[in-house]
Each structure stands twice: as structure tokens, then as C-alpha cells.
Amino acid sequence: MGNIAAVILAAGKGTRMKSEKHKVLHDIAGQPMLFHLMDTVQGLGCSKQVLIVGSGREQLETAIAGADYSAEFAVQEEQLGTGHAVMMAEKSLSGFDGDVIILFGDTPFIPNSVMEQMLEAKNNKANKPGIVVLGFEAADPGKYGRLVLSSNGDLERIVEYKDATETERAISLCNSGMMVVDGAKLFKWLKELSNDNAAGEYYLTDLVACARADGSHAVVVNASEQDVMGVNSRADLAAAELAFQSKKRAEMMASGVTLIDPDTVYFANDTKIEADVIIEPNVFFGPNVHVSGGARIKAFSHLEGTTIGENASVGPFARLRPGAEIGDKAKIGNFVEVKKAKLGEGAKVSHLSYIGDAIVGDAANIGAGTITCNYDGFFKYQTVIGKEAFIGSNTALVAPVTVGDGAIVGAGSVISSDIDQDALGVTRAKQRQIDGFAAKFRSERLAKKEQK
Ligand code: UD1
Ligand code: MG
């Protein structure tokens, strides 16, 4: 494949999202939809990527600056149509004579294989097309542009729904909007576009007629409707999320992960789960989670920015937040929250705890209700718990504090000083017993109640 440049259109307002946020920055599986597309584009090895931006462009600039993508911005001040949008890339692509792949920022799931197919078709030695359009058979062609083929199967022209005759509207082969165009000709052809049509816009679709008038071939590559799914509304966003999740669930199961009820498990784009992990129903993975083999994630757990060791057990109802590193064979039980804390091999936090900004040694046992008090309202402090230490239930560990290896903390303690290795730390009032008090108390109260 030759030299490739990508132009991604994202200047549209996306009014149907009814959002302050730019349409293409809405998340699908924990990452902006635009980034799903840009990840695929990166796989093509483009020499240039140009993002056409208009309204809300500051948001896009901020998002791209904070991510690992190399894209140039070209501004389309006024949205005068898809053809007009591509014209804005002229400066960025001056002198470029390779293949230009034109994509829409709100159509995030074009597979790499489909892009490759378009590029292969463009480089077909036999008919050397100047333009390759990605088409699809729509179940409900609705308002999509229609692809009109000539008798030899070449693409003759694209007609927008608004401009189409009844016969043309009866065509079910639709325009996805995406295309690959000869970079040496692209801007020359774009200059020939007119806005004399039903929408009063410069249609990118008219490029086909321009190419043919110039003696070039135009051909169609077919995609599935799923591949060219676009997002215009919140309902579309939910449909795109579902499509992503369905695919990811199937991939996970195919790679050896058990999902007891696949439809209730949500993955992020980058979730990594090794074979022989079992995931119970209703588990949510936010970004950046890695689960090692043999682990079990029990029902209703929420994980993000977390690594889980081999054969570890998490949940039910566990919350693992960024920086949680759960060791091999460790156990995180119900209603336990872990944040920025490393738990050693076989460590256990079985019930009702908050462990934040902490290091917990191998085989340490953290009793029910233990809290690391890591924050004084201004700063965060660390708790270190040694290996094989035993923290009694309902302990407050006031950080910064260290509990030595093998030490024991008595239940109900508030620990604010370090405890040495193998020592007992306990901060509890001495227990008293008043014989007969309870019985006397009950009879007094009963008598009082009967008087009323
Ligand atoms: C376009 C196609 C139509 C196709 C459909 C598929 C044209 C003329 N029509 O129509 O044949 O069936 O997509 O979904 O191309 N954009 C800009 N600047 C503009 C206008 C649009 O950046 O001035 C961007 C939008 O943000 C969007 C993309 O281009 O990402 C497509 O624009 P949209 O208005 O949705 O085109 P459609 O009318 O749907
Ligand atoms: Mg559209």
C-alpha cells in the first residue's frame, strides 16, 4: 500500500445529542468515540491525519492534546457541507499525492479490514479507480445517500436523499459517506463542486461525478450496516455502546473468559482479561483494568485502573478504584473499596473496608470494617501494613502509620502510631462489668412504662 493520509470530519454541531460536549467526544466503552476511530486509523500507518473541526473545536484540541494521537487540525468556520469540510484539508495536504481516506468522526467502528479493503480497491492495477466509496445495504435506507451503479458495476454517481427521484430512492445500496480518493486529484475535483442542490451544501458525494467527468473510475466497496453505524443521538450512542459490548463479550468468551451472564458485563475498550477468569453477572469494567488468569470477579463489582493477580477473588459488591493492585490469591470481599493500594499475595480484606493509599503485605488479614484514614481534608497519607499482620475488625488506621510484619491490632482500635513487628497494638477503654445491672435496668423501665 502506498502513502496514506486520513481526513476525519468532525465540524458538525451534533445538535441531536443535546449536549454541551462535542458529539465525537462522547464515550463508548470508556473512551471518546473519535478515539475508537483514530485507533483504527493508526493501524493504517498514515503519514498524515487531518481533523476537520468547527464548533466546539477547543474541546477537541484539549482532548487530542491529552491523548497519544498525532493529528493536525483544519478549521471549517462555517459548516457548508461535507465537500466543503474536506476542502479545509487542502493546506495540510498540499503536495500529498497518495491515497486520502475520508472518514466521519461520528462513525467510529469502521474495522481496519474494511479500510484496508477500500485502499486495496483504490490500488487495483486493473481499473485504477480515482475514488472508492464505502457502501452498504441498509435494512431501512431512510435518508441515506443512494449509490447509483452503472451497467458494468462501477459507481456512476451518488444521489442525496433530498435530491433523489422515487426510482433512485428505491435503491437499497446506500452511501456510508466514507471514501478513498486519489490525493493528486482530490482538491482539483473538490473545486468543481457546486452547492446548487436541495440542501444548498457542497456535497462530498458529488466528487464521484467530478472524478468520472475527469476520466477516472469510481467503485464501491461494501461494508455491513453494523460497520458503518453512525452516532447522531443519545439513542444511537446507546446502540453503539451495545454493539461494542456485544462484540467485546464474544471476544472475551472466545479467548477463554467465562461470563456467566454476558449481557450484564460491561467492558472498557482496553480491558484485558486472561483466560480462565470467571466473571459473575453485573460487573462493570472502567478504563485500564487487567485481570490475571484464574481470578474470579463476583457479582456487582466495579473496577477501574486496577490490576488483579492470578487466582485472586474480588467481590461481590467490591469497588476497585485507580491504583488498586491486588496480588495473586488475594481476596477482596463484599463492600470493600480499594484505591491506590497494593495488596500482597494472599492478603485478605473480606468485608466492609476502605483501603486507600496503602501497602498491604503478603497474607495480611484485614478485619471487617477496617478503614485507612488517609485524608485530613488537605493532604493524603500512606498506611503500610506488614506481611502476615492481623488487623482486628473496626480498626481505624490513621495515616501516616505503619503496622509491622506479623503484628496484631486489637479490634476497634484507632491506630495513629506505628506498631512494631510481631507486637500487639490496641487502643481500647478497659472493659468493666456491673453484675445484675441489665436485669435491674429492665425491671425499672418496665415498671415506669406500666405507670403511664
Ligand atoms: C452524509 C452523506 C450521505 C450519507 C450519510 C451517511 C453527504 C453530502 N452525504 O450525509 O450520502 O448517506 O452521510 O451517514 O456527504 N460535517 C462537517 N462539516 C460540514 C458538514 C458535515 O464536518 O459542513 C461532518 C459532520 O460532523 C459528520 C459528517 O461530516 O461527522 C457527516 O455529515 P452529516 O451532516 O451527518 O451528513 P449526512 O447528511 O448524514
Ligand atoms: Mg449524518
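Counting starts at 1 for both ligands and their atoms, following the listed order.
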List, one per line, each side-chain donor-acceptor pair under 3.5 Å for residues 188-199, sequence neighbours excluded.
| residue | atom | partner | partner atom | Å |
| --- | --- | --- | --- | --- |
| Lys188 | NZ | Asp214 | OD1 | 3.3 |
| Lys188 | NZ | Asp214 | OD2 | 3.0 |
| Trp189 | NE1 | Asp214 | OD2 | 2.9 |
| Lys191 | NZ | Glu90 | OE2 | 2.9 |
| Ser194 | OG | Asp196 | N | 3.0 |
| Asn197 | OD1 | Ala199 | N | 3.2 |
| Asn197 | OD1 | Gly200 | N | 2.8 |
| Asn197 | OD1 | Glu201 | N | 3.1 |
| Asn197 | OD1 | Tyr203 | OH | 3.4 |
| Asn197 | ND2 | Glu201 | O | 2.7 |

Verify whether one side chain among Tyr381 and Asp376 offers a donor that lies under 3.5 Å from an acceptor in the other. yes
#### Entry: Minimum side-chain heavy-atom gap Thr40-Phe109 below 4.5 Å
no
What pairs of donor and acceptor atoms, side-chain ones from residues 311-333 against any protein atom, are under 3.5 angstrom apart with sequence neighbours left out?
| residue | atom | partner | partner atom | Å |
| --- | --- | --- | --- | --- |
| Arg321 | NH1 | Glu337 | OE2 | 2.5 |
| Asp328 | OD1 | Glu310 | N | 2.8 |
| Lys329 | NZ | Glu345 | OE2 | 3.3 |

Contacts for ligand 1, heavy atom under 4.0 Å, by chain and number, are Leu9, Ala10, Ala11, Gly12, Gln76, Gln79, Leu80, Gly81, Thr82, Ala85, Phe104, Asp106, Tyr144, Gly145, Glu160, Asn175, Ser176, Tyr203, Thr205
Determine, for Tyr375 and Lys380, whether the Lys NZ or Arg CZ falls below 6.0 Å from the six-membered ring centre while staying within 45 degrees of the axis.
yes
Can you give me every donor-acceptor pair (side chain of residues 25-35, partner residue at least two apart or in another chain, under 3.5 Å) with its distance?
| residue | atom | partner | partner atom | Å |
| --- | --- | --- | --- | --- |
| His26 | NE2 | Ser19 | OG | 3.0 |
| Gln31 | NE2 | Asp39 | OD2 | 3.0 |

